2 protein chains.
Amino acid sequence: MTYCVAMCLDAGMIFASDSRTNAGVDQVSRFSKMRTFVREGERVIVSLSSGNLSITQNAVNILEQRVKVNDAHDNLRNVVSMFDVARLFGDALREVKSRDGPYLMQNNVDAGANFIVGGQVRGEPPRLFNVYSEGNFIETTADTCYFQTGETKYGKPIIDRVITRGSGLTDATKCTLVSFDSTMRSNISVGLPIDLLTYDTDAFRIRAQRRIEETDPYFQMIHAEWGEGLRRIFAQLPNPEW
Amino acid sequence: MTYCVAMCLDAGMIFASDSRTNAGVDQVSRFSKMRTFVREGERVIVSLSSGNLSITQNAVNILEQRVKVNDAHDNLRNVVSMFDVARLFGDALREVKSRDGPYLMQNNVDAGANFIVGGQVRGEPPRLFNVYSEGNFIETTADTCYFQTGETKYGKPIIDRVITRGSGLTDATKCTLVSFDSTMRSNISVGLPIDLLTYDTDAFRIRAQRRIEETDPYFQMIHAEWGEGLRRIFAQLPNPEW
């Protein structure tokens, strides 16, 4: 399993992903699920992947290779919008799945794979997309400004309670780490380290990118204070009279 | 969908279930999912059901009818342990599914159905079981003192954080309502009213049974205070320095 979350706010964007992959309980490994493609001053593209690792890695390899080849075709460097970027990710997923899907199906291997992909291309505001396993995709709106993939449920309530489009990146960072803390507490298939990236609107360069390990003092503090705070407000709730 | 939770604590037991059933979004109804069987001074049995409503209702009908017939066979009134009660529920599920299952399968109707069943029969401590759709079952232990069924994830973190076997019934009641509040906030297929029942160890009668409607002032208070408290502790978390 995996947990990825990304938010598209007025102030900027945040992307975060865990690093645990597993194929059964005895095949647990670390793989970063975050990829970035940056042309400073011109475009910043960030993707988070979940699902079948071979499918998502292959799709990203196709996209990166096409940038290097610098052919006449659309690629991450030359398309003019994040909409086009989302289409590139969808097409790459379909390409890999049409190649590998039938072989996976023969052994009942789940070929499900998807991306959260967002960023900003000069000429338009930051945009965030959720690219489904079939290659189709949706975009955030003013009402729904974030996407999650993987083990989404445990970490969703806190986002729903504190994040709006107008939230700042500092609150978004805190909320993202609380969301990961809640998820990791309830599901061992999601694990540290967390890759976390923030982007300021119209900066066209990454603001901060950080890998949060077990020993990270800020995350340890969040973990302790949040748990303690929850128990405190629970204790303060009045008792029922019945 | 459904949300049911039950806890088996040293002090007693708590059972709670929502009342929303749906077969598609345009077939939403109210059905209580809680059934009780009480012989004061001798036994208290409570069941919570989830899954296919026709299967669980039929299974309960079989069990209740056999009590009335008062035959020589095992039934809820004459078995000597909660273990036997759990077996009766498992057998009833299998009986209904062997009768109706093939017809449901013809139309791809999900026949999945299960029970949380617990209580106390004189001669042994309170016990709580999770009866799976196949009729097999597990029992709570000192380490894991609660079961959930249905839409379990949103409401799980708060239980994991505050409830232990040594918790009192007042805390268990508060925690259960917070757990329902979190679930209903994130999943519209779980809805009020909540049926809530508490039982004191060795009482052999129900302590309190309450139906919590939209207008219940205590639940409204829990909903408001919990949300407010979460936002308050979130705001109090120190900001990252990066």
Side-chain angles (χ1 to χ4, degrees), chain A residues 14 148 151-163 167-179 181-187 196-198 207-212 216-219 221-242, chain B residues 14 148 151-163 167-179 181-187 196-198 207-212 216-219 221-242:
Chain A
I14 184 166
Q148 303 169 290
E151 180 53 74
T152 60
K153 292 191 177 183
Y154 300 114
K156 184 172 186 291
I158 185 60
I159 304 176
D160 287 335
R161 285 185 194 273
V162 304
I163 294 296
S167 301
L169 283 177
T170 300
D171 271 359
T173 302
K174 278 164 56 176
C175 178
T176 296
L177 293 179
V178 170
S179 179
D181 181 49
S182 299
T183 305
M184 292 190 294
R185 200 178 188 292
S186 291
N187 187 315
L196 194 140
L197 184 151
T198 51
R207 167 181 168 166
Q209 190 169 5
R210 194 180 177 89
R211 170 157 280 207
I212 295 166
D216 186 277
Y218 184 72
F219 187 71
M221 182 279 297
I222 290 273
H223 175 76
E225 297 266 318
W226 183 251
E228 182 50 45
L230 283 183
R231 282 183 290 272
R232 196 167 60 241
I233 58 167
F234 180 79
Q236 287 166 356
L237 288 176
N239 292 334
E241 286 168 15
W242 26 277
Chain B
I14 185 165
Q148 303 168 290
E151 180 52 74
T152 61
K153 292 190 177 183
Y154 300 114
K156 185 171 185 289
I158 185 60
I159 305 177
D160 287 337
R161 284 185 194 270
V162 304
I163 294 296
S167 300
L169 283 177
T170 300
D171 272 359
T173 301
K174 278 165 54 176
C175 178
T176 296
L177 293 180
V178 171
S179 179
D181 182 48
S182 300
T183 305
M184 292 190 295
R185 202 180 185 294
S186 291
N187 187 315
L196 194 139
L197 184 151
T198 51
R207 168 181 167 166
Q209 189 168 5
R210 194 179 178 89
R211 171 158 279 207
I212 295 166
D216 186 277
Y218 185 72
F219 187 71
M221 182 280 298
I222 290 273
H223 175 77
E225 297 268 316
W226 183 252
E228 183 51 45
L230 283 182
R231 281 185 288 272
R232 198 168 56 241
I233 59 168
F234 181 79
Q236 287 166 355
L237 288 176
N239 292 334
E241 287 168 13
W242 27 276

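None of these values were measured; they are calculated from a predicted model. Reckoned from all heavy atoms, side chains included, excluding hydrogens, waters and symmetry mates. Numbered from 1 within each chain, the chains take letters A, B, ... in sequence-line order.
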Response to the item:
Highest number of heavy-atom pairs under 4.5 Å with chain B among E225(A), R185(A), E241(A) belongs to R185(A)
Response to the item:
Honestly, the part of E151(B) sitting under 4.5 Å from a heavy atom of chain A is side chain
Discussion item. I need the L197(B) CG to T176(B) OG1 distance, nearest 0.5 Å.
Written reply: 11.5 Å
Fill in: Residue R207(A) versus chain B: region with a heavy atom under 4.5 Å
neither
Item to complete: Supply the atom-to-atom distance K153(B) NZ to N187(B) CG, rounded to the nearest 0.5 angstrom.
Response: 12.5 Å
Worksheet item: Roughly how far apart are Y218(B) OH and L177(B) CG, rounded to 0.5 Å?
Response: 6.5 Å
Practice prompt. Measure across T198(B) and T173(B) and return the closest heavy-atom pair with its distance rounded to 0.1 Å.
Written response: CG2-OG1, 3.9 Å
Discussion item. Which atoms of L196(A) are under 4.5 Å from chain B, going by heavy atoms: the side chain, the backbone, both sets, or neither?
Written reply: side chain
Worksheet item: When heavy-atom pairs shorter than 4.5 Å are enumerated against chain A, which of V162(B), N239(B), I158(B) gives the highest number?
Response: N239(B)
Worksheet item: What closest approach, in Å, do V178(B) and W226(B) show between heavy atoms, and which atom pair accounts for it?
Response: CG1-CE2, 3.4 Å
Worksheet item: Can you tell which of C175(B), A235(B), P238(B), G155(B) has the highest number of heavy-atom pairs within less than 4.5 Å of chain A?
Response: P238(B)
Worksheet entry | Minimum-distance pair of heavy atoms, taken over all atoms of F219(A) and M184(A) | CZ-CE, 3.3 Å
Practice prompt. For residues S186(B) and D160(A), report the shortest heavy-atom separation together with the two atoms involved.
Written response: OG-OD2, 4.0 Å
Worksheet entry | Which atoms of S182(A) approach chain B - backbone, side chain, both or neither, heavy atom under 4.5 Å | both
Discussion item. Using a 4.5 angstrom heavy-atom cutoff, name the option from R231(B), R161(B), E228(B) with the most pairs to chain A.
Written reply: R161(B)
Practice prompt. Please determine, among Q236(B), R210(B), R232(B), the option with the most heavy-atom pairs under 4.5 Å with chain A.
Written response: R210(B)
